[in-house]
Number of protein chains: 4
Amino acid sequence: MNDETTMRKQPKQARSQKRVDQLLDAAAQVFAEIGYESATTNQIAARAKVSIGSLYQFFPNKEALLEALLARYTEGLRESLTIDQRLNCSDTIRVMIEGMARFESSHEAFKTLFMDSNRVSQMHTEIVQQIDALLAIQFPTFDPAPRRQCAIVGVAIVKALMPLSGPPDYLAPEVVLNEVQVSLKSYLRAVLLREAIPLPDDLV
Amino acid sequence: MNDETTMRKQPKQARSQKRVDQLLDAAAQVFAEIGYESATTNQIAARAKVSIGSLYQFFPNKEALLEALLARYTEGLRESLTIDQRLNCSDTIRVMIEGMARFESSHEAFKTLFMDSNRVSQMHTEIVQQIDALLAIQFPTFDPAPRRQCAIVGVAIVKALMPLSGPPDYLAPEVVLNEVQVSLKSYLRAVLLREAIPLPDDLV
Amino acid sequence: MNDETTMRKQPKQARSQKRVDQLLDAAAQVFAEIGYESATTNQIAARAKVSIGSLYQFFPNKEALLEALLARYTEGLRESLTIDQRLNCSDTIRVMIEGMARFESSHEAFKTLFMDSNRVSQMHTEIVQQIDALLAIQFPTFDPAPRRQCAIVGVAIVKALMPLSGPPDYLAPEVVLNEVQVSLKSYLRAVLLREAIPLPDDLV
Amino acid sequence: MNDETTMRKQPKQARSQKRVDQLLDAAAQVFAEIGYESATTNQIAARAKVSIGSLYQFFPNKEALLEALLARYTEGLRESLTIDQRLNCSDTIRVMIEGMARFESSHEAFKTLFMDSNRVSQMHTEIVQQIDALLAIQFPTFDPAPRRQCAIVGVAIVKALMPLSGPPDYLAPEVVLNEVQVSLKSYLRAVLLREAIPLPDDLV
DNA sequence: AATGAATGAGTGTTCATTCAT
DNA sequence: TATGAATGAACACTCATTCAT
């Protein structure tokens, strides 16, 4: 509970919740603009129009801000990744990728923070589990071990390709979106073949 | 000469060269352990068993250390990526991935630094070009634009999957090696199909 | 606002103002003792019994400390140089010099800082203008160009002679005071003669 | 002898003497360009095309360089101030001031160093004595105590007015030269009157 | 004697964090 | 509870000086 990196108090009162939100919004902005390391807590407090003292009332240290932001993102992402189970495989992937792209563009710091491999843990594993669950539904005979492996690799591919629209490669966003889907589908196809799982029609 | 990020003096004497190597080795270790931003020049000097003054005799600032390390890696990588052109497609990919894996495990900071998207530019573009050249040789009819795109995505995939053997996923190294190849080959296959380029036998 | 050499915040609360005063007093002492260049910000903070962090809360850098001190002096000097216009020429000079001497002995760093020709500009020009104005009043027919020249030379003489009570010459303070007046009056007399301006009775 | 600020060895061999001269020339340049405090010994050694080790073979520390330079200047000045004793008072002053101006413009660091009141001691007193001697010759009945005082004030006036041709006042050099003479002569006249010493014809 | 690589205390400055108000 | 002044360890970097070669 008195974790070094956890929020100090679950704010119950509305006023407190608002404070926390201001703080996290400000943190997101600042992290997005100059990165986690370069951001200063005073900067964030100022941006949030909150005193530095108040910031430390809710967050025991700078890292806790990051953690909370990531948690918030995880929650938001969960929705983006909750997909109509009647969709076929291709469409599932498409909807998911589109969802991520939308999420990314509406949450300024997500890209910066999510890609920074040093700082992911929790959000990362959560997403992997979600994908794993998705696969389990679509392919009931998929063995759990290779399935999890597949999920891990899939997530890694998404993480790696999404930023290709920025520096230093600057591919067109729609190209990126397409290539993510292509690589995901072709990788999935290869794994299913290897695991002797019947290919769905739309992956043949 | 008075570059802000270049080495201060090309070390001519053996003693100096040794000094520089100590320094770069230490920098590699420290960067690998705690990342570029968090690393301090005093830490690096201490690790190298060299005074902080000596460090600054060779490197005008912290960034120059990074730059020199990256240059060293670029050079090393070039060799790892120089591949017998008579190999077929699968083998080319295998040899290349194995080469990267070997390189990575013998150069502590490579992973950390190469993945840190803020700081790669030069090394990154160099590698992309090399892959592009490889593709050009294997598939003479490959149109330059989509070929370059393919190279970019391929490099991104490698960058993303290689670290999977570490935290937070901890896949077995040999598994990682294999999955990189699988995803690379299946992505390449998909692109070739799309571009109406005849598949080589080993990719069918 | 983001001036490189201006105070960071105009201190509004009494406590802050006190802090700033402590800091400036300490700076004055240290500058007086070892000069601006040799003085260190840590030294000044220690002397002011204030943490180095506090110093930088008010002054963005060492130079800002100097600037603020000079500004304080300029203001103080303005009063010392505001002289009853009914006084005759000799008395004006005497009162002015006495005022400066009083000011100097109650503001430790004034001498050091004012004499350091590298760092005066603003205060210097202000004083010159004040003297120029004084001359304009006393000698309405004094042509502006030579009058300004006369003011410049006059100020230079004062600047040069006042420190004669210290090292390396150690003239008695009252002697110094007298000699400043003598040289000022005789120089003024010579200039007035040259400019064909009627000498006031007390300068004959 | 083992003074902290004296040269380590009076160089006897020609080669050593040359070394010392190179060093002092370089020091003069660098001091003139960026001031004593900002100058670094490595810079000076480099400018002199001498190794830093050699510099410290002759000068125990940075200050010794300054001291030696000042000594050199003192010697040079002595000549400039050696004046034909048959000259009348006005001419003596004129010749002397012209000599100083010449000296100043041919010895880059002189102005910078001589005006820096923190660092004068020896050269200053020497000059004062020379002026004192000059006065003794011209005015045999001049009482030693007021005579010395007069010399001190005279030197101070010269020191203060000569730099007026530079920042922040930028008077024309010939104006400066003239005003120095005017103030010197009028001050001397005033003192002589006070001391009841008959005025020479050219001062009436 | 001459070199210049090496040293490390010291510099100005920042910023996460605390705590008196 | 909220504030923001205060703290001081830590940082990147400099430079007078030493000493092995």
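Order of the sequence lines fixes the chain letters, A, B, ..., with proteins taken first and strands second; residue numbering starts at 1 for each chain.
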Separation of E:dT21 atom C1' from A:Q57 atom CD, nearest Å, is 14 Å
Classify the ring geometry of B:H124 against B:F114: parallel below 30°, tilted from 30° to 60°, perpendicular beyond 60°. tilted
Rounded to whole angstrom units, what separation is found between the NZ atom of D:K49 and the P atom of E:dA2? 18 Å
Let's see if you can work this out: which of F:dA12, F:dA2, E:dT13 has an atom nearest to the side-chain heavy atoms of B:N42? F:dA12
At under 4.0 Å between heavy atoms, what does D:A39 touch on the DNA or RNA strands: base, sugar-phosphate, or nothing? sugar-phosphate
Looking at C:S51, does any N or O in its side chain come under 4.0 Å of the phosphate oxygens OP1/OP2 on F:dA6? no
Checking N1-N3 plus N6-O4 or O6-N4 for Watson-Crick, or N1-O2 and O6-N3 for wobble, each under 3.5 Å, the partner of E:dA5 is F:dT18
Would B:K62 and B:Y56 count as a cation-pi pair here, with the cationic atom under 6.0 angstrom from the ring centre and within 45° of the axis? no
Interatomic distance, C:F58 CZ vs F:dA6 C1' [rounded to whole Å]: 9 Å
Paired with E:dG10: which nucleotide, if any, by Watson-Crick or G-U wobble criteria at under 3.5 Å for both distances? F:dC13
Can you name the closest pair of heavy atoms from C:L24 and C:A68 and give their distance? CD2-CB, 3.9 Å
Measuring to OP1 and OP2 of F:dC13, would you say a side-chain N or O of B:T41 lies under 4.0 angstrom away? no
Identify, between B:V50 and D:R15, the residue whose nearest nucleotide on DNA chain E lies closer to the 5' end. D:R15
Does A:R19 have a side-chain nitrogen or oxygen under 4.0 Å from the phosphate oxygens OP1 or OP2 of F:dT1? no
For atom CD of B:E33, is the number of surrounding heavy atoms from other residues, nucleotides or ligands below 6.0 Å larger than 12? yes
What I want to check is whether the side chains of A:D21 and A:Q17 have a donor and an acceptor closer together than 3.5 Å. yes
Protein-nucleotide distance (A:E37, atom CD; E:dT14, atom P), rounded to Å: 18 Å
Whole-Å gap separating P (F:dC13) and NZ (B:K62): 8 Å
Please report the distance, rounded to the nearest Å, between CD in D:Q43 and P in F:dT14. 12 Å
D:Y56 side chain N/O closer than 4.0 Å to the phosphate oxygens (OP1, OP2) of F:dT17? yes
Which comes earlier along DNA chain F counting from the 5' end, the contact point of B:I52 or that of C:G53, where each point is its nearest nucleotide? C:G53
Whole-Å distance, B:L23 CG to E:dT7 P, equals 10 Å
Atom CG of A:L55 and atom P of F:dT1: how far apart are they, to the nearest Å? 16 Å
Taking any heavy-atom pair under 4.0 Å as a contact, classify D:S54: base, sugar-phosphate, or nothing. base
